[in-house]
Amino acid sequence: MEEPVMLSDTILLFDSYSEGGRRLYDSFRLAGCECSVVVLENNDFLPEEAMSAYDLFLGYYGERGRKTGTGKPRFFNEVEVPDNWSINAGVGESDYGKITYQHEEKGRIYYWESPKKFRVKAVDWFDRKGAVRFRDYYNRYGAVCARSVYDGQGKELGKTWFSAGGQEAITKNCVTGDLIVNDGELVKFFRSEMDMIVYFFRRSGFENRKVFYNSLANPFLISGRLSAPEKRDVLFWQENVEGEIPGNMQIILGGQAARTEKVMVQKRSVYNRLLELGANPDKVQRLGYVYDFKKKNEHRPQALICTNSERIEHCEELVREFPQMHFHIAAVTLMSPKLMDMGKYDNVSLYPGAQADTFDRLFMSCDYYFDINHWTEIVSAVYQAFLHNQVIFAFEETAHNREYVADAHVYPIAEFDRMVSDVKEVMDNKEAMERHLKMQLKDAMAEDKETYLRLAE
């Protein structure tokens with residue numbers, strides 16, 4: 001059996017590797033803190049910095065995972081088939097590939113992410129009656145990491161996971177839910193996947209490490225089942241809170257959680273809501289993210305608006321009010337005649353059907369962003385504007401992502417004149433620009449690196 005994966009002293013435990021989880025990992029990374037990312041979701045295509053709970057036992061993490069594969073995701077034409085069998089990518093006719101022999105379909109290839117990238121996620125193998133009898137699962141290293149067995153009616157009977165060396169390591173009875181683990185000379189039986197994962201975690205030394213997690217579901221339950229001499233775990237709360245404080249969070253706030261000491265809330269509005277609901281301020285703290293800003297604001301009179309709608313609130317008035325400001329209006333779709341008509345102004349440039357490189361260039365070259373378009377947001381524009389240190393102005397009726405906009409920069413449409421006044425102040429005075437940017441960073445809860453380093457101590 002593979003040796004256990006070496007883990008850092010700080011572990012980030014997630015249900016899935018969501019955007020919030022990535023930003024939390026990036027914050028620790030940017031702070032210079034080493035941490036191991038463990039994901040409960042059985043995902044064979046996690047990014048290189050993350051591992052699934054199964055990887056702890058099977059040894060797929062890092063170089064170990066390349067022993068039985070190609071070292072990278074396997075392409076459709078790299079699936080091993082008998083001589084004289086054919087493989088067709090299938091894209092265009094379907095979103096899966098086909099394996100055939102003398103016009104008879106023998107297998108079906110499913111792709112990870114976009115079918116047009118041809119990276120194999122799984123392959124179904126058919127019997128002579130056309131029923132699926134086996135499914136091979138491929139991981140990010142191009143190795144067959146698991147195999148499911150089906151009966152003639154398509155019901156999954158069992159699933160086996162293979163170690164990086166190709167040995168059968170875990171077998172699941174899909175009818176009863178029981179699992180068998182071959183741990184060297186030991187054979188372990190488990191009634192549930194959760195029991196098995198807790199065993200993996202104990203085997204990997206979780207009980208002696210800090211565990212930071214972002215969910216009150218399975219990560220919270222796992223933390224509660226691990227022993228520790230003191231409370232060191234932390235819940236990073238990234239979700240919203242509606243009518244009342246979630247029950248499992250109340251356990252933490254009441255000091256009844258086995259290992260969890262406190263709750264770090266990563267949204268300003270949610271933090272305020274928890275305090276309104278009576279959360280103990282000694283147990284609940286605000287903590288944003290460390291951001292990898294792409295550039296400095298150079299006080300250039302260049303403004304960006306990203307939209308897929310012709311309804312841009314007070315757009316023409318802004319253009320007329322600030323002839324010294326150049327407005328760049330970009331869309332991923334074609335523009336309506338009404339919006340194209342804005343090109344008549346010398347201080348307006350239009351970018352219909354803009355591609356990714358155009359947006360990248362505009363975010364780098366502009367120092368103002370106006371979140372004033374109606375309907376949906378495109379290209380995560382407000383977040384990108386924030387990362388590019390653009391000072392952001394918005395209307396209450398059009399704001400798409402207020403977490404990254406200073407409260408003082410969000411105006412009712414009826415108070416358009418106040419927005420104009422503030423923009424003039426920023427344009428006329430570089431010190432005012434710096435003051436407004438600091439306000440934006442503060443309201444977005446941008447953290448310094450030292451805060452995260454102290455947490456990991």
Side-chain angles (χ1 to χ4, degrees), residues 114 294-295 297-428 433 436-437 440 444:
S114 169
K294 307 303 180 184
K295 67 175 180 68
N297 189 298
E298 298 180 13
H299 203 223
R300 295 166 296 187
Q302 303 288 327
L304 177 60
I305 300 171
C306 298
T307 182
N308 269 358
S309 166
E310 67 175 16
R311 290 190 61 201
I312 305 177
E313 194 63 48
H314 284 300
C315 181
E316 195 159 3
E317 291 92 330
L318 275 173
V319 169
R320 291 174 176 172
E321 192 73 45
F322 296 103
Q324 70 276 39
M325 175 89 79
H326 197 94
F327 291 84
H328 303 266
I329 305 175
V332 297
T333 61
L334 297 178
M335 292 180 173
S336 69
K338 177 181 177 181
L339 191 51
M340 290 297 295
D341 189 55
M342 290 294 297
K344 66 187 178 185
Y345 293 99
D346 293 337
N347 61 330
V348 173
S349 294
L350 301 174
Y351 306 85
Q355 301 296 314
D357 57 344
T358 299
F359 283 106
D360 290 344
R361 176 171 56 81
L362 291 173
F363 279 116
M364 289 297 294
S365 62
C366 295
D367 286 330
Y368 296 79
Y369 187 83
F370 288 93
D371 185 22
I372 58 176
N373 60 296
H374 288 271
W375 308 117
T376 58
E377 181 185 32
I378 62 170
V379 300
S380 300
V382 175
Y383 178 58
Q384 288 300 321
F386 176 78
L387 288 182
H388 288 79
N389 261 315
Q390 297 175 356
V391 62
I392 306 168
F393 296 94
F395 291 117
E396 289 181 359
E397 295 85 346
T398 63
H400 292 94
N401 196 341
R402 291 194 60 163
E403 294 295 329
Y404 297 103
V405 186
D407 284 344
H409 295 167
V410 183
Y411 313 82
I413 288 176
E415 298 183 18
F416 171 65
D417 290 344
R418 188 159 62 88
M419 175 191 279
V420 170
S421 177
D422 286 349
V423 173
K424 283 182 177 178
E425 178 190 14
V426 171
M427 289 190 69
D428 293 342
M433 166 70 87
H436 281 261
L437 283 172
Q440 183 170 287

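If you're wondering where the values come from, they're calculated on a predicted model, not measured in any experiment.
Using cut-offs of 30° and 60° on the angle between ring planes, the pair His436 and His409 is parallel. Ring geometry for Phe416 against Phe395 counts as tilted: the plane angle lies between 30° and 60°, on a 0 to 90° scale. Using the six-membered ring where Trp is involved, Tyr404 and Tyr383 have ring planes that are tilted, between 30° and 60° apart.
Take Lys338 and apply the side chain to side chain donor-acceptor pair (under 3.5 Å) test, not counting sequence neighbours, and it matches no residue. Residues satisfying the side chain to side chain donor-acceptor pair (under 3.5 Å) criterion with Glu396, sequence neighbours excluded, are absent altogether. Shown here are the side chain to side chain donor-acceptor pair (under 3.5 Å) partners of Glu377, two or more places apart in sequence or in another chain: there are none.
Looking at heavy atoms from C-beta onward, Ile329 lies out of side-chain contact with Asn373 at the 4.5 angstrom threshold.
Side-chain atoms of Asn347 come within 3.5 Å of backbone atoms of Met325 as a donor-acceptor pair (strictly under, hydrogens ignored). Judged purely by atom type and a 3.5 angstrom limit, Glu397 has no side-chain atom pairing as donor or acceptor with the backbone of His374. Within the 3.5 Å criterion, the main-chain N or O of Val391 finds no donor-acceptor partner in the side chain of Gln440. A side-chain donor-acceptor contact under 3.5 Å links Thr398 to the backbone of Asp371.
Residue pairs that meet the salt bridge (Lys or Arg N to Asp or Glu O under 4.0 Å) test with at least one member in residues 301-314, sequence neighbours left out, do not exist here. Applying the salt bridge (Lys or Arg N to Asp or Glu O under 4.0 Å) rule to pairs touching residues 318-334 yields Glu316-Arg320, Glu321-Lys424, sequence neighbours excluded.
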For residues 359-369, which side-chain donor-acceptor pairs fall under 3.5 Å, sequence neighbours excluded?
residue	atom	partner	partner atom	Å
Ser365	OG	Arg361	O	3.1
Ser365	OG	Leu362	O	3.4
Asp367	OD1	Lys295	NZ	2.7
Asp367	OD1	Arg300	NH2	3.3
Asp367	OD2	Glu298	N	3.1
Asp367	OD2	His299	N	3.2
Asp367	OD2	Arg300	N	2.9
Asp367	OD2	Arg300	NE	2.9
Tyr369	OH	Cys306	N	3.3

